[in-house]
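This report refers to the structure that appears directly beneath it.
On a predicted model such as this, the values are computed, not experimentally measured, just so you know. In listed order, ligands and their atoms are each counted from 1. One is the number of the first residue; the rest follow in order along the sequence.
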Amino acid sequence: MIDETVNIKLEDLGYDDFFDLKWKSLELKNASAGRVTAEHKEAYKVKCSDGEYLAKITGKQIFNATTRADYPAVGDWVAITKLDKVRAVIQNILPRKTILQKKYSDKEAVQIIAVNIDVALIVESLDKDYNLNRFERYFVLTDESGIKPAIILNKIDLVAEAELNEKIEQIKNRFGGVDIISTSAITEQGLGELMNYIIRGKTYCFLGSSGVGKSSLINKLLKSNTIKIGEISEATGKGKHTTTARGMYFLENGGMVIDNPGIRDVGIAVADAGIENVFDEIILLSNGCKYSDCHHIHEPGCAVLQAVKDGKLDQAKYQNYIKLKKENEFYEMTDFEKRKKDRKFGQYVKKAKKRLKDFES
Ligand code: GDP
Ligand code: ZN
């Protein structure tokens, strides 16, 4: 018989001291470590050192699960028991290093989108849709997820160098020491730099509005057309996103990219907690507000408003803060969404139980 052992190094899949410590503390017997690279209904593709398995979770896990967060997600490190050469059962999910999630006000109702991402590449394009404020939204998200953010300014072929430099200056002034890479997926400028930025064994995701060029950039990195490029809609000049692929992609240089529709939507919902960190300046100022529950909009004795008036606080930053706050309150308010989600989770559990039965029989 031909030995088909592939021998992938776990380190190349992102395994490191963090996960090794967790692994050891579980004291498992007859289990192998693997990484969830895709989700197929209630089965998971798990990559191990000797190949890929289609894995299911146990009935006990389904029974004990109280939220969607108790289920594996793309990027998870799991302990599996192999049933044969292609099938396995997931015994444990290792604690996560980072969690990219949509959050609702009810702390239970989180939607996990991907986990264990090291760096989020926030893509913005230098065309007419360019928006400096939009970065803030993504920083909130990465901040809250524990993911390191970096910025990609794409479509540099559409602007003169002076304009690009000006934009870079603005970003630096506003956001400080964040890494910025400028690229064009068309002329391929900056792609070498982007490739070098991506490190073997680390996991990345591309965040950004539809049409900024995420698919184009990932395809360039993959040197293939795995991800469908949205056609430009003539009415809006915006790219329609047509991504159908789900899961994790492996780049030639050893980096990994998680891309799925959830990641593409994630920028829309901004969680509350993160806002506080991104706008520490405002939080600090708010200590001086007359009322402790001051909204910093029209309250008398508001130290934040005073700082804007005195030119001590950037007006744009202030306005963006208020805008994000409002959006966030909107998300907190949507009970309908929450109900819909709870129902979805119920259906998910029901289906998972049924599929597990089919799998075991
Ligand atoms: P996504 O929605 O972020 O994945 O964006 P796509 O990769 O689908 O790209 C949207 C549109 O922008 C497509 O028509 C691409 O060909 C175009 N595009 C992507 N990158 C660039 C670039 O660097 N320069 C220019 N001029 N167009 C680009
Ligand atoms: Zn105030």
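- D17 CG: 12 or fewer foreign heavy atoms inside a 6.0 Å radius.
- Neither the backbone nor the side chain of D127 comes within contact range of ligand 1; no heavy atom lies under 4.0 Å.
- We find that D179 and K148 are joined by a salt bridge, their nearest charged nitrogen and carboxylate oxygen being less than 4.0 Å apart.
- Not a single heavy atom of G208 lies less than 4.0 angstrom from ligand 1.
- Using a 4.0 Å cut-off to heavy atoms of S184, the atoms of ligand 1 that qualify are 23 (O).
- Between T183 and ligand 1, a contact under 3.5 Å exists for no N or O pair.
- The L158 neighbourhood of ligand 1 comprises atoms 26 (N), with distances under 4.0 Å to a heavy atom of that residue.
- Considering both main-chain and side-chain atoms, I156 never comes within under 3.5 Å of ligand 1 through any nitrogen or oxygen pair.
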* Checking salt bridge (charged side-chain N to carboxylate O under 4.0 Å, His left out) for the pair E188/K220: CA distance, chi angles, key distance, verdict? -> CA-CA 8 Å; E188 305 201 346; K220 287 286 176 191; 2.7 Å; yes
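- The Zn ion (ligand 2) is the vertex of the angle joining SG of C302 and SG of C294, which measures 110° to the nearest 10°.
- Atoms of ligand 1 lying under 4.0 Å from any heavy atom of S209, numbered from 1 in the order shown and given with element: 3 (O).
- Looking at ligand 1, you'll find an N or O of A185 within less than 3.5 Å of one of its N or O atoms.
- A distance of 9.0 Å separates OG1 in T142 from CG in L100, rounded to the nearest 0.5 Å.
- Between D259 and K214, no side-chain nitrogen of the basic residue sits less than 4.0 Å from a carboxylate oxygen of the acidic one, so the salt-bridge criterion is not met.
- Defined by atom type and a distance below 3.5 Å, a donor-acceptor pair is missing between the side-chain atoms of S145 and R96.
- Nearest to the Zn ion (ligand 2), among the N, O or S atoms that H296 has, is ND1.
- Side chain of E124 to main chain of N131: a donor-acceptor pair is present (N/O by atom type, distance under 3.5 Å, no hydrogens or angles).
- Between F19 and W77, the ring planes are tilted. Angles from 30° to 60° get that label.
- At least one N/O/S atom of C289, whether from backbone or side chain, sits less than 2.8 Å from the Zn ion (ligand 2).
- Counting heavy-atom neighbours within 6.0 Å of E252 CD, excluding the residue itself, gives a total of 12 or less.
- Across S125, S210, S216, heavy-atom proximity to atom 9 (O) of ligand 1 is greatest for S216.
- Residue K214 has at least one heavy-atom neighbour below 4.0 Å for each of these atoms of ligand 1: 1 (P), 2 (O), 3 (O), 4 (O), 5 (O), 7 (O).
- Of all the listed residues (V123, V212, I186), I186 holds the heavy atom that lies closest to atom 25 (C) of ligand 1.
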